Amino acid sequence: MKEGIPISNYIYSVGMTGLAGQVIQVEATVREDKEQCVIIGLPDASIKESKERILNCLHALDQDIDMKKITIHLSPADVRKQGTSYDAAMLLAVLQAMAKQPVKIPEKTCFIAALTLSGQLTTFHSMIPTIHQAILLGFKRIYIPPIEISLFAQAADVELIRMPDMPSLLSHLQGKTSLFENELTLIPTEPILEETEKIPHVCFSVIRGHAEAKRALLLAAAGGHHVLMSGPPGCGKSLLANAFHTILPDLTHDEMLEVYSIYQLAKQARSLSERPPFRSPHHSSSEGAIVGGGRYPKPGEMSLAHRGVLFLDELGHFPRRVVDTLRQPLESGFAVVNRVEGSDRFPATINLIAATNPCPCGYYGSHEKYCVCGDKVRLKYMNKITGPIIDRVDFVLAMKNQSVLEQKTADTSEELRQTVTRARDRQRLRYGGNYTNAIAPVKLFEEKVEFSKNQLERIETVSNQEKLSSRSTLKILRLARTIADVLGDETVSDAAVEEALRWKISASQAHSALMR
């Protein structure tokens with residue numbers, strides 16, 4: 001071992017709690033007793049089975065374990081651990097405990113690999129997210145199985161060392177041999193599959209009419225705002241929602257890894273794509289399916305739509321409890337799942353696009369067909385869309401059927417995407433992080449965005465006249481800043497404030513019309 005390199009007395013690995021990584025310290029003792037292998041530290045069933053893999057590997061390495069009791073401790077002891085990512089670290093801890101001269105391991109080194117019965121290092125479920133979290137936790141040397149690591153090429157200050165088996169790993173730690181990457185036979189990680197269902201997205205330029213809705217969707221994409229569209233069947237709500245996905249900017253490298261990690265945790269298929277996810281769950285979906293759940297919490301549809309679109313079609317048919325669970329994630333950008341076995345927080349920074357008919361039959365207020373719904377039936381249908389949800393939605397659009405003679409949009413989705421990308425770049429630069437105007441923390445937003453006294457007085461006056469909540473007033477400020485970003489303005493103009501006021505007033509009026 002090179003001189004001057006700090007040495008660690010422990011073996012480290014990384015575990016996953018939700019999407020967050022946690023440093024796991026692995027210790028082992030070996031003493032003369034009845035032959036046994038015990039793993040402690042709140043392990044799950046898959047970790048308890050690791051003792052058989054460890055014992056078989058010790059036999060394969062010609063280690064004498066007759067009349068030896070092996071105790072392996074995973075710390076912190078009060079945190080539940082699951083998965084097979086600790087196999088290599090546990091076996092190395094046992095070998096260190098049995099060795100007369102333990103190998104010296106540099107600090108900030110961790111071991112992330114599962115084992116075969118013969119001592120081969122192999123992959124495991126959610127391996128890519130675990131390696132990503134190990135890098136974020138500050139480890140500088142990470143021992144992993146021989147897998148493709150081009151995904152982590154941007155982590156220039158981290159050494160990812162790929163080893164085929166435990167003898168090679170031990171030799172490398174002892175400095176005896178050095179394996180070159182071209183000598184390794186790469187093994188595949190979890191299959192990287194395309195999403196099973198491809199939703200055909202359409203270009204904005206082929207949609208006739210709906211000029212107001214297209215403007216609202218452009219602003220929503222630029223600032224991360226939420227949209228509710230209401231109108232009769234076939235008026236274009238789903239078409240606009242599918243087109244919305246095409247104007248969202250491509251994911252950055254870190255965002256792509258983050259989204260892919262969520263899908264790995266949920267055991268959902270997704271390709272390593274730069275395009276944001278698009279999720280459209282059925283209205284029969286449960287609360288757990290939307291927000292996340294399970295005995296050991298897993299991400300739901302909100303998190304699977306992270307950095308992309310969550311499209312809730314037929315919002316009036318969703319159970320009210322499911323609709324109400326959207327409240328907190330829409331503002332915070334996180335979905336929190338609480339269970340007896342644990343509480344996890346999953347990222348859920350989304351653009352919510354919701355669509356609903358104005359009544360069960362769909363034709364309330366329509367001039368084309370007569371509504372057959374009674375007032376009680378219609379109000380019960382719309383009461384699922386509560387005031388707190390509407391308060392968190394920036395655009396409520398009353399849609400109408402369009403004539404085939406209506407003009408098409410001149411701008412293509414690609415052109416609009418460039419506008420959105422420039423607007424979001426301005427927001428990242430302004431806030432010094434990956435925030436949009438819609439979810440930037442209030443304190444940070446107030447520090448970075450300025451309004452004139454006359455503008456604030458104008459917003460205050462309209463808010464009092466329209467009886468808007470404090471949240472709605474703040475959303476007017478956020479929306480005005482988004483409008484300025486789309487225009488490329490450094491300051492918020494009076495025209496941007498007036499447009500933001502019109503949108504919020506129209507949203508309040510549209511909701512009131514639906515509830516009458």
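Since this is a predicted model, take the numbers as computed values, not measurements. Basis for what follows: all heavy atoms, side chains included, without hydrogens, waters or symmetry-related copies.
Side-chain contact check for His59 versus Ile65: some heavy-atom pair is nearer than 4.5 Å. Residues Glu301 and Ser285 are not in side-chain contact: their nearest non-hydrogen atoms beyond the backbone lie 4.5 Å or more apart. Thr349 has its side chain out of reach of Pro347: every pair of non-hydrogen atoms, C-beta onward, lies at least 4.5 Å apart. Considering only heavy atoms from C-beta on, Arg307 comes within 4.5 Å of Asn434 through its side chain. A heavy-atom distance below 4.5 Å is not found between the side chains of Val309 and Arg279. Considering only heavy atoms from C-beta on, Phe311 stays 4.5 Å or farther from His245 through its side chain. Contact check for Tyr12 versus Thr109: no side-chain heavy atoms found under the 4.5 Å cut-off. Within the 4.5 Å cutoff, no side-chain heavy atoms of Val227 are placed close to those of Asp394.
Shown here for His226 and Leu352, the closest heavy-atom pair between the two residues is ND1-N, 3.1 Å. Minimum interatomic distance between Pro146 and Leu121 (heavy atoms only, all atoms of both residues): CD-O, 4.1 Å. Closest non-hydrogen pair, Met127 versus Pro145, comes out as CE-CD, 2.7 Å. Taking each heavy atom of Gly15 and Tyr86 in turn, the nearest pair found is CA-OH, 3.2 Å. For the pair Ile112 and Ala134, the tightest heavy-atom approach, listed with the atom from each and the gap, is CD1-CB, 3.7 Å. Scanning all heavy atoms of the two residues, the minimum distance from Ala305 to Ile350 falls at O-CG2, 3.5 Å.
Ring pair Tyr143/His172 is perpendicular by interplanar angle, where above 60° counts as perpendicular and below 30° as parallel. Classified by interplanar angle (parallel below 30°, tilted 30° to 60°, perpendicular above 60°), the ring pair Phe318/His283 is perpendicular.
A donor-acceptor pair under 3.5 Å is absent between the side-chain atoms of Lys108 and the main chain of Pro106, judged by distance alone. Between the side chain of Tyr431 and the main chain of Phe445, no donor-acceptor pair closer than 3.5 Å is present. In this structure, Lys51 contributes its side chain and Ile39 its backbone to no donor-acceptor pair below 3.5 Å. Under a 3.5 Å cut-off, the side chain of Thr325 and the backbone N or O of Val322 do form a donor-acceptor pair. Between the Gln120 side chain and the Thr122 main chain, no donor and acceptor come within less than 3.5 Å of each other. Using modelled atom types, one side-chain atom of Gln427 and one backbone atom of Asn437 make a donor-acceptor pair closer than 3.5 Å. Within the 3.5 Å criterion, the main-chain N or O of Leu151 finds a donor-acceptor partner in the side chain of His253. In terms of modelled atom types and a separation under 3.5 Å, the side chain of Gln264 and the main chain of His125 share no donor-acceptor contact. Looking only at distances, no side-chain donor or acceptor of Ser126 sits under 3.5 Å from a matching main-chain atom of Pro129. Within the 3.5 Å criterion, the main-chain N or O of Gly83 finds a donor-acceptor partner in the side chain of Ser46.
Between Glu35 and Lys68 no salt bridge is recorded (no basic side-chain N to carboxylate O distance below 4.0 Å). We find that Arg428 and Glu255 are joined by a salt bridge, their nearest charged nitrogen and carboxylate oxygen being less than 4.0 Å apart. Of the charged side-chain nitrogens involved, at least one lies within less than 4.0 Å of a carboxylate oxygen, so that Arg430 and Asp485 count as a salt-bridged pair. Taking a cutoff of 4.0 Å between a charged side-chain nitrogen and a carboxylate oxygen, Asp391 and Arg471 qualify as a salt bridge. Looking at Glu446 and Lys443, no side-chain N of the basic residue comes within less than 4.0 Å of a carboxylate O on the acidic one, giving no salt bridge. Ion pairing of Asp44 with Arg80 is absent here, as no side-chain N (NZ or NE/NH1/NH2) approaches a carboxylate O to less than 4.0 Å.
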(request) With side-chain hydrogen bond (donor to acceptor under 3.5 Å, both in side chains) as the test, would you mind laying out the steps for Thr412 and Glu414 before giving the verdict? (result) CA-CA 5 Å; Thr412 64; Glu414 183 60 35; over 6 Å; no
(request) Show your reasoning for whether side chain to side chain contact (heavy atoms under 4.5 Å, CB included) applies to Val26 and Phe111. (result) CA-CA 10 Å; Val26 185; Phe111 303 84; over 6 Å; no
(request) Evaluate side chain to side chain contact (heavy atoms under 4.5 Å, CB included) for Phe204 paired with Thr246, printing each intermediate quantity in order. (result) CA-CA 8 Å; Phe204 260 77; Thr246 64; 4.1 Å; yes
(message) Between Arg478 and Leu474, does the side chain to side chain contact (heavy atoms under 4.5 Å, CB included) criterion hold? Intermediate values first, please.
(response) CA-CA 6 Å; Arg478 293 179 184 272; Leu474 177 59; 3.7 Å; yes
(message) One pair to check against side-chain hydrogen bond (donor to acceptor under 3.5 Å, both in side chains): Arg424 and Thr421. What are the steps and the verdict?
(response) CA-CA 5 Å; Arg424 291 212 176 186; Thr421 301; over 6 Å; no
(message) If you apply the rule side chain to side chain contact (heavy atoms under 4.5 Å, CB included), what do you find for Ile47 with Leu74, and how did you get there?
(response) CA-CA 10 Å; Ile47 299 178; Leu74 304 178; 4.0 Å; yes
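Residue Arg321 holds its CZ atom at 9.0 Å from CG of Asp324, rounded to the nearest 0.5 Å. Rounded to the nearest 0.5 Å, atoms CD1 (Ile149) and CD1 (Ile144) are 5.5 Å apart. In this structure, the separation between CG on Leu248 and OG on Ser413 is 10.0 Å, given to the nearest 0.5 Å. How far CZ of Arg392 is from NZ of Lys475: 8.5 Å, rounded to the nearest 0.5 Å. Going from atom NE2 of His73 over to atom CD1 of Ile24 covers 10.0 Å, rounded to the nearest 0.5 Å. In this structure, Leu217 CG and Phe395 CZ are separated by 8.5 Å, a value rounded to the nearest 0.5 Å.
For the 3.5 Å distance criterion, the side chains of Asp313 and Ser238 qualify, holding a donor opposite an acceptor. Thr84 and Asp87 share no side-chain donor-acceptor pair at under 3.5 Å.
In Tyr435, the OH atom is not crowded: 12 or fewer heavy atoms of neighbouring residues, nucleotides or ligands sit closer than 6.0 Å. The environment of Lys267 atom NZ is sparse: at most 12 non-hydrogen atoms of other residues, nucleotides or ligands sit within 6.0 angstrom. Heavy atoms of other residues, nucleotides or ligands lying less than 6.0 angstrom from CZ of Arg417 number more than 12.
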